[in-house]
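Scroll down for the structure; my scribbles are underneath it.
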Amino acid sequence: MNLREALQDRILIGDGAMGTLLYSYGIDRCFEELNLSHSEEVIRVHQAYVEAGADVIQTNTYGANYSKLSRYGLEDQVKAINTAAVKLAKQSATDEQYVVGTIGGLRGIQKQTISLEEIKRCFREQLYCFLFEKVDGLLLETYYDLEELSAVVEIARNETDLPIIAHISTHEPGVLQDGTALADALEQVEAAGADVVGVNCRLGPYHMIQSLEEVPLPERAVLSAYPNASLPGFQEGRLVYSTAPEYFQKSAQSLYEQGARLIGGCCGTTPEHIKAMAQQVKGLPPITEKQVLRQPEPTIVSERDVNEPPRLHEVAKKQRSVIVELDPPKKLNTDRFFEGAQALHEAGVDSITLADNSLASPRISNAAMASLLKQKHEINPLVHIACRDRNLVGLQSHLMGLHTLGIQEVLAVTGDPTKIGDFPGATSVYDLSSFDLIHYIKQLNKGLSFSGKPLGASTNFSVAAAFNPNVRNLNRAVGRMEKKISYGADYFISQPVFNESQMLEVYEATKHIETPIYIGIMPLTGLKNAEFLHNEVPGMKLEHSILERMAAVDGDREQSQTEGLAIAKSLIDAAMDLFNGIYLITPFLRYEMTLELTNYIHEKTGQERKVTNGIHVT
């Protein structure tokens with residue numbers, strides 16, 4: 001009887017964690033490479049699960065793909081490692097066990113870190129090893145991304161008639177990280193060709209049972225469940241799972257009652273857990289009917305206050321718009337900052353933008369300063385959010401806080417690495433890239449957390465993205481803009497441009513893009529400032545004529561500032577013919593310079609403006 005037939009006839013028991021046991025044996029390295037160098041340890045684990053009563057043994061190949069093995073310099077060993085893994089599993093199994101080739105997911109929360117084409121290439125390389133070695137089935141596990149899992153199931157189905165077990169992983173019970181209901185996701189995976197659909201990893205028995213309560217029995221496929229031992233604890237630098245086997249025995253009964261026909265374990269589970277489960281449900285007849293718990297649709301409040309000002313991207317689509325960057329102070333005296341912000345506001349700027357510890361140097365929290373600007377000065381703030389300083393928890397919490405404070409304009413940036421800042425030994429987090437952050441902010445706008453859990457209300461963020469025109473390949477930079485638009489960017493804010501010919505080049509390269517662009521202009525303060533930007537800031541190159549102009553007034557602070565403003569005004573003249581949005585960058589809190597440029601823009605625009613609710617409209 002093959003695996004597919006056996007699942008129609010009775011409950012089967014899967015094995016448990018491989019890495020947990022290997023780690024307990026004192027092995028802390030690439031577990032998949034052990035198939036070659038320490039095969040006896042791998043066999044030892046397989047045999048322990050066979051003795052515990054497992055019917056389905058998975059190969060030690062979860063991360064044995066080109067992408068993950070390359071982290072260890074083992075990318076050329078994909079075939080050898082996978083081939084050895086199948087042989088070791090078969091050597092350990094008896095005629096009563098089925099050996100399935102395991103392929104783990106590659107995408108996590110950062111969807112854009114690996115392309116779907118690269119995923120498919122890695123998958124096929126592992127798949128062909130398993131088909132050549134004649135495994136009894138395939139186990140695709142720990143796939144957080146539904147697009148990825150559906151794609152690889154389709155590939156496998158087109159290549160083989162072997163049973164396919166496809167496991168989704170979720171951060172929250174019953175819902176994927178993009179908000180898709182687990183039941184809908186499993187239905188999609190079944191339609192792609194999977195014979196067994198289910199859940200593994202991340203959740204312990206309690207939440208996995210809770211998830212399956214909302215999942216009906218599939219029409220053609222069967223259900224499976226491989227829970228973690230528990231939520232992990234952290235002791236002496238190690239993750240520790242502490243669930244007793246007796247609890248797993250009780251949980252196996254509940255999983256069975258929810259219709260699971262293949263029940264195993266994931267992280268933290270041991271042969272003792274598998275033995276307890278086997279004693280409870282092994283060999284029982286499958287459940288053919290179940291009562292599905294229908295959860296009410298979450299209520300998501302999505303209302304935009306009619307008194308709220310229009311968003312910056314809405315303004316820039318219709319008329320001239322000026323925003324000014326005024327970075328929070330590095331020291332605790334804030335008088336000059338608020339003095340400058342008020343002067344710029346009265347001059348008619350549409351927003352004060354606040355960088356998020358630019359150049360990886362600590363400043364007063366831009367969220368705190370933005371809150372004061374809005375509450376005490378009725379100024380519309382645009383808050384930059386860097387991925388560098390906050391993990392996923394911190395980023396979502398920060399955004400929820402901004403929403404609560406009524407701050408709706410944000411700029412998503414990856415952030416300068418810490419090694420260039422005041423604390424080069426500090427850690428750069430980078431759980432997300434700017435692309436991912438844009439995507440997840442837009443998910444908050446749908447009322448869903450980063451993990452897909454309903455928030456009860458939706459945010460209303462207008463999301464800006466950064467654009468750097470100071471690159472060798474401008475077309476590549478424009479390609480990044482287009483990609484950010486696909487992730488949800490509402491408008492762009494550019495790095496400063498320092499010559500008129502470049503301004504025209506940027507326009508020609510981006511004129512097909514309907515998403516508004518705020519073109520960056522920063523007045524130079526002196527020769528040293530110009531030379532620093534030209535020689536030390538990546539991507540910044542000033543024309544020789546500009547350096548000569550600044551050199552001609554070197555040593556005279558007033559004349560240097562006047563010359564810097566003259567250069568900026570000529571750039572504004574060029575920009576106003578090409579872009580609605582102008583982004584003025586204040587150097588060193590010298591707000592008088594950007595104030596003069598703001599007045600210059602408004603004089604040229606010749607429009608009468610009035611203030612409405614903190615933003616200026618025609």
Is the shortest side-chain N to carboxylate O distance from [X] to [Y] below 4.0 Å?
| X | Y | answer |
| --- | --- | --- |
| K442 | D490 | yes |
| K87 | E133 | yes |
| K90 | D136 | no |
| E41 | R44 | yes |

Problem - S92 (side chain) donor-acceptor with L88 (main chain) under 3.5 angstrom - result: yes
Handout entry: Donor-acceptor pair, side chain of K453 and main chain of E172, under 3.5 angstrom
Key = no
Practice task
Sequence neighbours left out, what passes ring-ring contact (aromatic ring centres under 6.0 Å, His included) with F248? Give chain and number order.
Solution key: H273
Practice task
Count the heavy atoms belonging to other residues, nucleotides or ligands that lie under 6.0 Å from CZ of R4, then report whether that count exceeds 12.
Solution key: yes
Exercise for the section: State whether the number of non-hydrogen atoms from other residues, nucleotides or ligands found under 6.0 Å of Y247 atom OH is greater than 12. Expected result: yes
For residues 75-82, which side-chain donor-acceptor pairs fall under 3.5 Å, sequence neighbours excluded?
unit_1, atom_1, unit_2, atom_2, d
N82, OD1, Q126, NE2, 3.0
N82, ND2, A64, O, 2.9
N82, ND2, V78, O, 2.8

Problem - F450 and H171: CA distance, side-chain angles, deciding distance, ring-ring contact (aromatic ring centres under 6.0 Å, His included) verdict - result: CA-CA 9 Å; F450 289 3; H171 297 288; over 10 Å; no
Practice task
Mind checking side chain to side chain contact (heavy atoms under 4.5 Å, CB included) for D55 and listing every partner two or more places apart, or none if nothing turns up?
Solution key: L12, I13, K282
